[in-house]
Amino acid sequence: MSSLQEASLPGILSGVIPSAFYEQSTLEIARQLLGKTLVVIPEGDESRATAGIIVETEGYVGPEDPACHAYVGRTRRNDIMWGPPGLAYVYFTYGNHWMINAVTGPDGYAAAALIRAVQPVLGVETMRDRRGLHLLKGKVEDRQLTNGPGKLCQAMGINGSYNGQPLTGPRLYIVETPLSLQLPPFEVVETTRIGISRGKDFPWRYYVKGNRYVSRL
DNA sequence: GGGCTGATTTGCT
DNA sequence: GCAAATCAGCCCG
């Protein structure tokens, strides 16, 4: 187990990343999101807020990327991705799972960075509860809560109602991780994306080297 | 630890 | 009608 203490909500929210951050290139953003913290505050239920340090991301770089949802053009499903940067693109797939992305690139251009894994720093018990693992407390490692894009959305309560929410709050935030919770200095591993059939040769997946919460090596 | 498979819904062709 | 930016459970070793 890690020695990280749980964070407090006000403490975490002191370093919100401004929306201008999301105007950079998608791959730059995907890489720079590593080590930052994702915070989710359910509407009307602050007691079930959760947060985790982002340790794995993938870039989906626009309509020319065959693995990007925008490849098929603008549709109702992917509409948010075409809008301004700094919003969350949340979508449902495989009949079971939600995924969360940060919309990147200029308004009118569709690209996003998928958040694939986080390391919990707030609300671990809430995550365990949402994942249905509360009965197995102590038997399931914390890493099983959020080491995959579908898992982290379930653990943090992210669903379609978050689609289009700004990443600058009030329900979703990406923040600079408070000093007391930061990861030790890390190297970034760059490799190919997971779970796709087209565009699989592009090295647009990034993760924190050696971090145990990464979905796979 | 690794490989295979069924679950289950939405959106697009 | 089918593929999908996945996961859990099961088998095997």
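Order of the sequence lines sets the chain letters (A, B, ...), proteins ahead of strands, with each chain counted from 1. Predicted model only: the values in this text are computed from it and were never measured.
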| message | Under 6.0 Å from the ring centre and within 45 degrees of the ring axis: does the NZ or CZ of A/Arg171 meet both conditions for the six-membered ring of A/Tyr162? | response | yes
OP1 or OP2 of [N] under 4.0 Å from side-chain N/O of [X]:
{"X": "A/Thr93", "N": "C/dT6", "answer": "no"}
{"X": "A/Arg198", "N": "C/dA4", "answer": "no"}
{"X": "A/His97", "N": "C/dA5", "answer": "no"}
{"X": "A/Arg131", "N": "C/dA8", "answer": "yes"}

Considering only [options], which nucleotide approaches the side chain of [X] most closely?
{"X": "A/Ile194", "options": "C/dA5, B/dG11, C/dT6", "answer": "C/dT6"}
{"X": "A/His69", "options": "C/dA5, B/dT10, C/dT6", "answer": "C/dA5"}
{"X": "A/Asn96", "options": "C/dT6, B/dC12, C/dA5", "answer": "C/dT6"}
{"X": "A/Met99", "options": "C/dA5, C/dT6, B/dC12", "answer": "C/dT6"}

Write down the distance between [atom1] ([X]) and [atom2] ([N]), rounded to a whole number of angstrom.
{"X": "A/Phe92", "N": "B/dA7", "atom1": "CZ", "atom2": "C1'", "answer": "11 Å"}
{"X": "A/Trp98", "N": "B/dT8", "atom1": "CH2", "atom2": "P", "answer": "17 Å"}
{"X": "A/Ile158", "N": "C/dT6", "atom1": "CD1", "atom2": "P", "answer": "15 Å"}
{"X": "A/Tyr91", "N": "C/dA5", "atom1": "OH", "atom2": "C1'", "answer": "4 Å"}
{"X": "A/Lys151", "N": "C/dA5", "atom1": "NZ", "atom2": "C1'", "answer": "15 Å"}
{"X": "A/Arg212", "N": "B/dG1", "atom1": "CZ", "atom2": "C1'", "answer": "15 Å"}
{"X": "A/Tyr206", "N": "C/dA5", "atom1": "OH", "atom2": "P", "answer": "19 Å"}
{"X": "A/Ile196", "N": "C/dA3", "atom1": "CD1", "atom2": "C1'", "answer": "14 Å"}

| said: Aromatic contact between A/Phe92 and A/His97, with the criterion being ring centroids under 6.0 Å apart: yes or no? | reply: no
| Hey, are A/Ser215 and A/Arg116 close enough side-chain-wise for a donor-acceptor pair under 3.5 Å? | yes
| said: Pairing donors with acceptors under 3.5 angstrom, does anything connect the side chains of A/Tyr22 and A/Gln24? | reply: no
| note | Closest to the 5' end of DNA chain C, once A/Gly148 and A/Ser197 are matched to their nearest nucleotides, is A/Ser197
Please work out if [X] contacts a base, only the sugar-phosphate, or nothing of the nucleic acid, heavy-atom cut-off 4.0 Å.
{"X": "A/Arg193", "value": "nothing"}
{"X": "A/Gly150", "value": "sugar-phosphate"}
{"X": "A/Leu114", "value": "base"}

| said: Within the 4.5 Å heavy-atom criterion, are A/Thr177 and A/Ile54 side-chain neighbours or not? | reply: no
| What about A/Tyr94, does its side chain sit under 3.5 Å from the base of B/dA7 through a donor-acceptor pair? | no
| query | With sequence neighbours left out, what residues match A/Glu187 under salt bridge (charged side-chain N to carboxylate O under 4.0 Å, His left out)? | reply | A/Lys209
| remark: Mate of C/dA5 across any strand shown (Watson-Crick or G-U wobble, both atom pairs under 3.5 Å) is none
